[in-house]
Amino acid sequence: MSIRVWALNKETGEVMHINSVTKDMKGKMVCLDDNCGEELLICKGEVNKPYFSHKSNSSCHGGSTETLLHLLSKQILNLESELGVTLRK
């Protein structure tokens, strides 16, 4: 099983890395997998590196890298449009 460090903020539609998420965002982060969309737990403790986790009764079987890359690409394109700049050649 891979460690999840990316999730979707269901309120803003933004893909976020675990390091950008605060514990007060509890209940706002969901799985990026195409067939999942379940709420994720924010795991930020003193011992382990931060990560997102499904609840113990989850039926999700994996994270879709293609979905992650697709959503991040859309965010970059939207940011370019908002700023009026091109971040790519």
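Computed over heavy atoms, backbone and side chain alike; hydrogens, waters and symmetry mates excluded.
When hydrophobic clusters are built by joining Ile, Leu, Val, Met, Phe, Trp and Tyr residues whose side-chain heavy atoms come closer than 4.5 Å, directly or via intermediates, L72 is grouped together with M16. In the hydrophobic clustering of ILVMFWY residues, with side-chain heavy atoms under 4.5 Å counting as a link, I18 and V30 come out together.
Shown here are the side chain to side chain donor-acceptor pair (under 3.5 Å) partners of T12, two or more places apart in sequence or in another chain: there are none. Residues meeting the side chain to side chain contact (heavy atoms under 4.5 Å, CB included) test with S81, sequence neighbours left out: none. Shown here are the side chain to side chain contact (heavy atoms under 4.5 Å, CB included) partners of K26, two or more places apart in sequence or in another chain: there are none. With sequence neighbours excluded, the residues that form a side chain to side chain donor-acceptor pair (under 3.5 Å) with D24 are T22.
Contact detail for G13 and L8: the closest heavy-atom pair is O-CD1, 3.3 Å. Smallest separation of non-hydrogen atoms from R4 and C31: NH1-SG, 3.6 Å.
Annotation: the span from L40 atom CG to L32 atom CG amounts to 8.0 Å, rounded to 0.5 Å. To the nearest 0.5 Å, the span separating OG on S58 from CG on D33 amounts to 9.5 Å.
Applying the ring-ring contact (aromatic ring centres under 6.0 Å, His included) test to pairs two or more places apart or on separate chains, those with a residue in residues 10-58 are W6-H17. Judged as a salt bridge (Lys or Arg N to Asp or Glu O under 4.0 Å), the pairs with a partner in residues 37-46 (not counting sequence neighbours) are, in order, E39-K55.
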